[in-house]
Amino acid sequence: MAAFSQSTIEKGNDWVQDFLCSACEDEKLNESADFYCDSCKKFYCRKCIHLHGQLFKKHSTHGRSDMKKWPVVKKVEDFLLKCDVHKEENLASFCEDHSKLCCNTCAFHNHRQCKTVMLLSDLVKNTSTDLKQVLVTIQTTLAELKKLQDNQEASIQSVQSSYDEQLHKIQETRQKILAALDMLEKKTLQEMKDTLTKLQASLKSDVDKCSTLRNEFKQLRDAIQDISDKSKQELSFIASIKCKDKIHQFENYQKKNFAQLKFSITFQPNSEIMQYLSQLSGLGKIEHFAQSLTAVGNADQIISIDGKSKYDVHIQGDSITCRIEDICVLPSGQVLVVDSQNNKVKLLNKQYQVVSHCSVSDSPWGICQITPSEVGVTVGKEVQFIKINNNQLVKDRKLKFQHNCLVIASHRGDLFVTSGTELYNYSLDGKLVSKLQENNSDTNTVMGCAVSPTGDKLYITNFDEHKLLTLARDGSVLSIFTNPELVYPTCVHVTPAGQVLVCGGTSYTILQIDSKGSRKLATLATGSDGIYCPRSVCYNSNTDSIIVGTESVFVGQSNYILVYKVK
């Protein structure tokens, strides 16, 4: 049998057959074979097959179109025949008791007591094998393994992202501790300075008093020296009395103020601080949790709702009625809503109360989760990243684009942004990966956007043509959904289980569509359930509820979000 070229070596687990021409190989030439001769048991290229045909006209040859009649590649044959345990031995028998292929060594050591151990040469005579079904099973298994590998790789990326985020949080904690220490130092220094000022003022007062007394005594001394030889009895008497009076003042002052003391300032460290810090094991507690990366449950399981609540998201400072264009629920249970009318992003706690907000430069439209504590918000021609830190919204970096940014979705490091007429795929650093969809027939043909939990499908709403499109990851259209209950669709949302929810803007409906995007499964809510011009919908897996933002025709009605409990 002829040899085969380097490309026959397995690439991963795929075998590539590319035999070499036997005649050319004898001449030390590497020429790919195009024919195989059953009689010669050799391979030939297109040139050599002509000479072979002239010499052996009765030989049967098979071209590449009939490669099933070519021999099995030796490397493939060895791969299948060799024992997995004893690599140098060929498989020779099959143990039905254990459903194991065995070489002679395996049979001797592990299967001597087994009742049914048959030679492969005997077993295959009465056994048929459906390799097509085996291939189907292998392909299915490979797909599942690829999905599992993708999930684990996504986990690696997720844990690295969370590590980087928490590292920043640790550094922020350290800075806060340092700031607190700086404040303590500042207060301590101020206290010591105040003590210094007070002591210095008191001592300076004493110095000034001493200086005044010294000057007065000097004046008396000089006066007495001047009159001592001049027989001025009256002046001498006065000088004597004044001198006694000043001496009496000094003695009294000395008794009160001049104990032999040396003043100094000392600092006694607060030992409780050092003791407390030395007992700590770190700046905080390190924990980890697992969040499902794949769809859990049945993507086409019909949702049913039971009960509705209403929560006010209007806050002081809002100039006009709210319009909640999009909603995002974080793993922590916190909810973010995008209020396009008031140019604000608002943070709600688990009870749907507004606890923080931040203003943006233009009307925000879409929002999506990037990390467990970071979101991306579309604003004009930008994506504004916002972090949630201690229940506060902190604006971070921006990505700027040449097109309008309406709705945004993300999946494992990819951003999907609609412009009204296009759908773009970007990396997290803003690099264009591809343009997945374009429809310039109107102004809002590519509006809402959502991605399936596995990332294999994208759903977009065509507002102007009343359609929901389901796309493959490469942008090809898999299905187009229309329905009389879906008029001017605005938002589309996919639950963690893969269930597809879409808002009918002027049909006043929330519909559930099957995961293929081809048929309606249920009408979840209508105008009679309080839905008026729904702008946004989002499933809250923390509370098993559906959150809806509306644009009501009634004044003030849009200041509320509606929360429907799922049965």
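Just the heavy atoms: all of them, side chains too, but no hydrogens, waters or symmetry mates, feed the values below. Fair warning: this is a prediction, and the values are worked out from it, not measured in the lab.
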Can you list everything that forms a side-chain hydrogen bond (donor to acceptor under 3.5 Å, both in side chains) with [X]? Sequence neighbours excluded, please.
X: D514; result: S518
X: N391; result: Q334
X: S427; result: D429
X: T506; result: none

[X]: what forms a salt bridge (charged side-chain N to carboxylate O under 4.0 Å, His left out) with it, not counting sequence neighbours?
X: E465; answer: K467
X: K132; answer: none
X: R323; answer: E325, E551

Subject >> Six-ring centre of F401, K381 cation under 6.0 angstrom, axis tolerance 45° >> reply: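 Judged by the rule (NZ or CZ under 6.0 Å from the ring centre, within 45° of its axis), K381 is not positioned above F401.
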With a 4.5 Å heavy-atom cut-off, do [X] and [Y] have their side chains touching?
X: R174; Y: L178; answer: yes
X: C358; Y: K395; answer: yes
X: L336; Y: L393; answer: yes
X: V477; Y: T470; answer: no

Any donor-acceptor pair under 3.5 Å linking the side chain of [X] with the backbone of [Y]?
X: T418; Y: V407; value: yes
X: N425; Y: L415; value: yes
X: N439; Y: S441; value: yes

Between the side chains of [X] and [Y], does any donor sit under 3.5 Å from an acceptor?
X: D396; Y: Q384; value: no
X: T543; Y: N540; value: yes
X: Y311; Y: N559; value: no
X: S515; Y: D300; value: yes
X: D544; Y: Y539; value: yes

Original post:
Does Y424 have any ring-ring contact (aromatic ring centres under 6.0 Å, His included) partners at least two apart in sequence or in another chain, and if so, which?
Top reply: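 Here the qualifying residues are H403, Y426.
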**OP:** Output all residues satisfying ring-ring contact (aromatic ring centres under 6.0 Å, His included) with H466, sequence neighbours left out; order by chain, then residue number.
**Re:**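 Result, ring-ring contact (aromatic ring centres under 6.0 Å, His included) vs H466: Y488.
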Original post:
So how far is it from L471 CG to L436 CG, rounded to the nearest 0.5 Å?
Top reply: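 Nearest 0.5 Å value for the CG-CG distance: 7.5 Å.
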Which side-chain N or O atoms in residues 184-193 pair as donor and acceptor under 3.5 Å with protein atoms at least two apart or in another chain?
| unit_1 | atom_1 | unit_2 | atom_2 | d |
| --- | --- | --- | --- | --- |
| T188 | OG1 | L184 | O | 2.8 |
| Q190 | NE2 | D194 | OD1 | 2.9 |

Subject >> Contact list for residues 330-355, test salt bridge (charged side-chain N to carboxylate O under 4.0 Å, His left out), sequence neighbours left out >> reply: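 Pairs touching residues 330-355 that pass the test: D318-K344, D318-K346, D339-K346.
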Subject >> Residue pairs involving residues 486-496 (criterion salt bridge (charged side-chain N to carboxylate O under 4.0 Å, His left out); sequence neighbours excluded) >> reply: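 Passing the test, one end in residues 486-496: no pairs.
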Original post:
Near E272 CD, under 6.0 Å, is it more than 12 heavy atoms from other residues, nucleotides or ligands?
Top reply: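 Counting neighbours around CD of E272, 12 or fewer heavy atoms of other residues, nucleotides or ligands fall under 6.0 Å, so no.
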Original post:
Heavy-atom count around K209 NZ within 6.0 Å, excluding the residue itself: above 12?
Top reply: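 Incorrect, the count does not exceed 12.
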